[in-house]
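Below you'll find the structure, written out as structure tokens, and then a few comments.
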Amino acid sequence: MPLTTTEETTTSDEITTADGPATSDEITTAGGPATGHEITTSDEITTADGPATSDEITTDHATAADHATTTDHATTTVRARTLAARRIAELGDRARVCGLYGALGAPLYHDLATYDDPETRALLTAVRTTPGPVLDLAAGSGRFTLPLLATGRQVTALDLSTDMLALLRTALDRAPASMRARCTVVRGDMSRFALGQRFPHILLGTTSLSLLDEDGRAGLYRSVLAHLAEGGRFLLTVLERGDSDGPDETAVRVTGAGGTVYELYEHWPAGADSRSVTLLPADPPQDDSPVTVCTDRVAVLDLPRLEEELTASGLTITSRQFLSPPGERHRVTLLTTEASR
């Protein structure tokens with residue numbers, strides 16, 4: 001997830017909570033210290049759906065057919081050994097745990113979306129080489145769609161989340177009429193869509209692909225090939241761990257476009273097949289009001305496997321562009337592909 005401003009970066013060895021510094025070996029809750037893989041409290045941890053017990057906090061499961069396939073909740077497991085779980089435990093009954101792309105989480109995600117980051121700039125530059133309409137898959141609240149419209153392109157924005165698309169429509173309502181006229185908003189599943197149109201450019205941003213399982217990705221590739229114009233290009237990005245010796249968990253304070261400061265936790269051990277992201281307001285009111293805590297677990301799809309799948313599906317990789325400096329925790333690669341001849 002692109003972030004507007006990084007104000008403070010911490011790791012599992014230095015983050016400070018209400019009880020003081022926390023380490024990966026000591027998680028203190030209202031009921032006392034907990035070590036290893038469990039939380040010990042005098043009360044159960046309550047999510048939006050009721051109490052969560054044992055050593056994990058889990059919200060409702062929803063099939064991840066798109067980066068926006070949840071309603072209010074998503075498959076989410078926050079292990080008690082993580083700093084994010086400690087923070088949730090501190091909130092107690094105030095925590096309203098939800099997914100990032102549903103009714104509660106979508107506004108927070110949208111607040112942190114940035115339209116001026118290396119990935120967005122690289123995609124806009126790539127699209128400029130060929131005229132014609134653009135298909136933005138997993139468009140969400142318009143992170144790519146809105147900048148593309150601002151350049152004069154015609155854009156079809158496809159997403160499965162009604163909540164994310166509602167945010168996009170709100171942004172379009174505030175945009176000039178000429179921009180609105182050039183945007184077609186479609187609620188649809190990126191793993192199986194039929195739009196009756198071909199595009200010289202189809203885009204898919206970071207992390208969206210990794211929320212599809214193998215069958216879903218195969219369906220995506222088939223749908224993309226069915227919608228690529230002659231000589232058209234499918235541009236997609238993949239996110240990998242760029243360091244091997246960094247901490248398993250990081251925590252940053254980030255400022256949204258509306259001025260709200262958030263705590264963003266990421267638990268991603270090197271070599272793991274998934275990563276967990278937790279987002280919540282950094283300074284909630286000092287009362288008993290509910291606090292929205294967005295958390296999702298996202299599968300990790302490495303570049304070699306992705307390239308193998310693309311080739312097998314009938315897509316040829318024509319270029320690779322690394323968008324992150326060497327050694328950074330998040331390594332983003334932009335792949336340009338076209339239908340194999």
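Everything numeric here is computed off the predicted structure, so don't read it as measured data.
- In this structure, the side chains of Val134 and Gln154 stay at 4.5 Å or more apart for every pair of heavy atoms.
- Between Asp189 and Arg192 a salt bridge is recorded (basic side-chain N to carboxylate O distance below 4.0 Å).
- A distance-only check finds a donor-acceptor pair linking the side chain of Arg198 to the backbone of Leu228 [under 3.5 Å].
- Phe322 and Leu204 fall into different hydrophobic clusters, where Ile, Leu, Val, Met, Phe, Trp and Tyr are joined by side-chain heavy atoms under 4.5 Å apart, directly or via other members.
- Counting only distance, with no hydrogens or angles, the side chain of Arg182 and the backbone of Arg153 share a donor-acceptor pair below 3.5 Å.
- Between Glu338 and Arg233, no side-chain nitrogen of the basic residue sits less than 4.0 Å from a carboxylate oxygen of the acidic one, so the salt-bridge criterion is not met.
- Applying the side-chain hydrogen bond (donor to acceptor under 3.5 Å, both in side chains) rule to Arg241 yields the partners Asp243; only residues at least two apart in sequence or on another chain are considered.
- Looking at Arg329, its side chain does come within 3.5 Å of a backbone N or O of Pro247 through a donor-acceptor pair.
- Separating the OH atom in Tyr109 from the SG atom in Cys294 is a distance of 11.5 Å, to the nearest 0.5 Å.
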**Request:** For the pair Val185 and Leu172, evaluate side-chain contact (heavy atoms from CB on, under 4.5 Å) and give the outcome as yes or no after the intermediate values.
**Result:** CA-CA 10 Å; Val185 179; Leu172 290 171; 3.8 Å; yes

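- No donor-acceptor distance shorter than 3.5 angstrom exists from the side chain of Thr145 to the backbone of Ala157, with no hydrogens or angles considered.
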**Message:** Determine whether Thr333 and Leu323 satisfy the following criterion, side-chain contact (heavy atoms from CB on, under 4.5 Å), listing intermediate values before the conclusion.
**Reply:** CA-CA 6 Å; Thr333 305; Leu323 305 181; over 6 Å; no

Tabulate below the donor-acceptor pairs under 3.5 Å that side-chain atoms of residues 173-180 make, not counting sequence neighbours, or state none.
| from | atom 1 | to | atom 2 | distance (Å) |
| --- | --- | --- | --- | --- |
| Arg180 | NH1 | Asp173 | O | 3.4 |
| Arg180 | NH1 | Ala175 | O | 2.5 |

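- A distance of 7.0 Å separates CG of Leu303 from CD1 of Ile317, quoted to the nearest 0.5 Å.
- Gln197 places a side-chain heavy atom less than 4.5 Å from the side chain of Pro133.
- In this structure, CG on Leu168 lies 5.5 Å from SG on Cys183, to the nearest 0.5 angstrom.
- Using a 4.5 Å heavy-atom threshold, the side chains of Val186 and Leu195 count as touching.
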**Prompt:** Should Ile88 and Val293 be marked as a side-chain contact (heavy atoms from CB on, under 4.5 Å) after you check the CA-CA gap, both sets of side-chain angles, and the distance that decides it?
**Reply:** CA-CA 8 Å; Ile88 294 172; Val293 180; 3.9 Å; yes

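- The OG1 atom of Thr292 sits 9.5 Å away from the OH atom of Tyr262 when rounded to the nearest 0.5 Å.
- Residues forming a side-chain hydrogen bond (donor to acceptor under 3.5 Å, both in side chains) with Arg217 (at least two apart in sequence, or on another chain): Glu309.
- Side-chain contact between Leu209 and Leu211: absent, with no pair of heavy atoms (C-beta onward) separated by less than 4.5 Å.
- With hydrogens and angles ignored, the 3.5 Å screen pairs a side-chain donor or acceptor of Thr318 with a backbone N or O of Thr336.
- The minimum heavy-atom distance between Ala299 and Ser210, with the atom names listed, is O-CB, 3.0 Å.
- Residues Arg86 and Thr82 fail the side-chain proximity criterion, which asks for heavy atoms closer than 4.5 Å.
- In this view, Ser324 satisfies the side-chain hydrogen bond (donor to acceptor under 3.5 Å, both in side chains) rule with no residue, not counting sequence neighbours.
- Although no hydrogens or angles enter the test, the distance criterion places a donor-acceptor pair under 3.5 Å between the side chain of Thr129 and the main chain of Ala126.
- The shortest side-chain heavy-atom distance between Tyr265 and Thr250 does not fall under the 4.5 Å cut-off.
- The CG atom of Leu235 sits 11.0 Å away from the CD atom of Glu119 when rounded to the nearest 0.5 Å.
- Taking each heavy atom of Thr278 and Ala84 in turn, the nearest pair found is OG1-CB, 3.7 Å.
- Two residues are said to be in side-chain contact when any heavy atoms from C-beta on lie closer than 4.5 Å; Leu108 and Leu112 fail this criterion.
- When atom types are taken as modelled, the side chain of Asp296 and the backbone of Val277 share no donor-acceptor pair closer than 3.5 angstrom.
- Thr316 and Ser340 share a donor-acceptor pair across their side chains, judged by distance under 3.5 Å alone.
- Residue Leu225 comes nearest to Gly314 through the heavy atom pair CD2-O, 3.9 Å, listed as atom of the first residue, atom of the second, then distance.
- One finds the CG atom of Leu104 at 8.5 Å from the CG atom of Asp163 (value rounded to the nearest 0.5 Å).
- In this structure, a donor-acceptor pair under 3.5 Å is absent between the side chains of His267 and Ser276.
- Judged purely by atom type and a 3.5 angstrom limit, Arg94 uses its side chain to pair as donor or acceptor with the backbone of Asp287.
- Listed here is the closest heavy atom pair of Val224 and Ile202: O-CD1, 3.8 Å.
- Asp302 places none of its side-chain heavy atoms less than 4.5 Å from the side chain of Leu306.
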**Item:** Check against side-chain hydrogen bond (donor to acceptor under 3.5 Å, both in side chains), Glu240 and His330
**Value:** CA-CA 6 Å; Glu240 302 174 285; His330 291 168; over 6 Å; no

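- Not counting sequence neighbours, the partners of Glu307 by the side-chain hydrogen bond (donor to acceptor under 3.5 Å, both in side chains) test are Arg320.
- Residues satisfying the ring-ring contact (aromatic ring centres under 6.0 Å, His included) test with Phe193, not counting sequence neighbours, are His227.
- If you run salt bridge (Lys or Arg N to Asp or Glu O under 4.0 Å) between Arg143 and each of Asp117, Asp159, Asp136, Asp111, only Asp117 comes through.
- Remark: the backbone N or O of Gly219 is paired with a side-chain donor or acceptor of Ser223 at under 3.5 angstrom.
- Of all heavy-atom pairs spanning Pro200 and Ala229, the tightest one is N-CB, 4.0 Å.
- The two residues Ala270 and Asp248 have their closest heavy-atom pair at N-OD1, 4.3 Å.
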**Prompt:** Under the side-chain contact (heavy atoms from CB on, under 4.5 Å) criterion, do Leu137 and Leu220 qualify, and how do the steps go?
**Reply:** CA-CA 10 Å; Leu137 296 175; Leu220 166 71; 3.8 Å; yes

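- Counting only distance, with no hydrogens or angles, the side chain of Ser161 and the backbone of Tyr101 share a donor-acceptor pair below 3.5 Å.
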